[in-house]
Amino acid sequence: SIRRQRQMCIRDRITDAPKFKWRGMHLDVCRHFFPKEFVKKYIDYLAMYKMNTFHWHLTDDQGWRIEIKKYPKLTEIGAWRNGSMLGHYTEERFDSLKYGGFYTQEDIKELIAYAAERHITVVPEIELPGHAQAAIAAYPQLSCTGNSIEVAKGWGVFDDVFCPKDETFTFLEDVLSEVIVLFPSEYIHIGGDECPKTRWKECKSCQSVIKKNGLKDEDGLQSYFIRRIEKFVNSKGRKIIGWDEILEGGLAPNAAVMSWRGIEGGISAAKQKHYVVMTPGSHCYFDHYQGEPKNEPLGIGGFTPVEKVYAYQPIPKELSASESKYILGAQGNLWTEYINDPQHVEYMALPR
Ligand code: ACM
Ligand code: ZN
């Protein structure tokens, strides 16, 4: 009867809460740029699926996408490239069309507010010391050679990275200061992945920093770089998170780690009592194929169907109960080398 149903409703309560604090989705807006209106739609999807963190990958070799008032060339020059790759990167084919775009600080405030209304925290990523070619195209003095280079057209990992000299730290601290004023997130993502040491090995200034600070080698220099940035970010009351390469040469004292090259980085960080977000390529890279490549739009590779993603358990079995507490949660990453329109983003993100 209706009466009996009412009583049931009163007696039987459902208590529900998310298991993980960090339920993230990432979007790369550097390889391809997505307009503000679509980023809002993406945030709507995250809210619909009860995700609470949007990791916004804002700077990379192929484009700098965030207005920084103190360094206008970052977007005047760094937000534009003179061509893009066609087909798979192994084909080495390019067009010569000017491509780019960026978000003004007003756009960013609007998006952060939009996300907050939907209980989503926006975590910005400012890549350092690698994946910095667009910044160096705008300000060549930030590299080891000082040579003029262009914003990257192709996908990959590039040798011209930030040179760890005082001028570079002043620049990065200025940039991060503006970023921290804009973004209220507890964490600021500082990248840290895929930084070749080619230039550092041949740079007088880099070698003198290694010597002066008693560092072992270029991995030690990467660790020094991240620690110095961490100290600054911590001084502003925020924490850093970085890709698992920040473990190399020793983790900065308060850094959280995003484990992407498998789960080993996450295990190692948790054992060292550092917080971790699990994003292993095997389960969390949504630029991978989700069907037979011949039936799918061109992608980077891999095979990550929805069943695999859904079955993923973020806590590695190698961790004890007390170590498991350091796993903040998991995140899906959407790199966009092969994804250049909103419909394709939706196709790759959903339903995974
Ligand atoms: C990454 O996929 N390079 C973090
Ligand atoms: Zn250098």
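Computed from heavy atoms alone, side chains included, the values below leave out hydrogens, waters and symmetry copies. Just so you know, ligand 1 is whichever comes first in the structure, and atom 1 is the first atom listed for that ligand.
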Residues 299-316, side-chain donor-acceptor partners within the protein, below 3.5 Å, at least two apart:
from: T304; atom 1: OG1; to: H288; atom 2: ND1; distance (Å): 3.3
from: K308; atom 1: NZ; to: S282; atom 2: O; distance (Å): 3.1

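Within the protein, the N, O or S atoms sitting under 2.8 Å from the Zn ion (ligand 2) are C144 SG, C163 SG, C203 SG, C206 SG.
Cation-pi geometry between R238 and Y187 is not met: the NZ or CZ atom fails to fall both under 6.0 Å from the ring centre and inside 45° of the normal.
Heavy-atom neighbours of K40 NZ from other residues, nucleotides or ligands within 6.0 Å: above the threshold of 12. For K271, the NZ atom sits in a packed shell: over 12 heavy atoms of surrounding residues, nucleotides or ligands are nearer than 6.0 Å.
In this structure, E202 has no side chain to side chain donor-acceptor pair (under 3.5 Å) partners at least two apart in sequence or on a different chain.
V175 has its side chain within reach of W64: a pair of non-hydrogen atoms, C-beta onward, lies under 4.5 Å apart.
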Can you list every pair where an N/O of ligand 1 is under 3.5 Å from an N/O on the protein?
from: ligand 1; atom 1: 2 (O); to: Y285; atom 2: OH; distance (Å): 2.6
from: ligand 1; atom 1: 3 (N); to: D193; atom 2: OD2; distance (Å): 2.7
from: ligand 1; atom 1: 3 (N); to: E194; atom 2: OE1; distance (Å): 3.2

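Note: F33 and Y99 fail the aromatic proximity criterion, with ring centroids not under 6.0 Å apart. For F286 and W335, the gap between ring centers reaches or exceeds 6.0 Å.
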Walk me through it: do W260 and E245 pass the test side chain to side chain donor-acceptor pair (under 3.5 Å)?
-> CA-CA 9 Å; W260 74 281; E245 286 92 331; 2.9 Å; yes
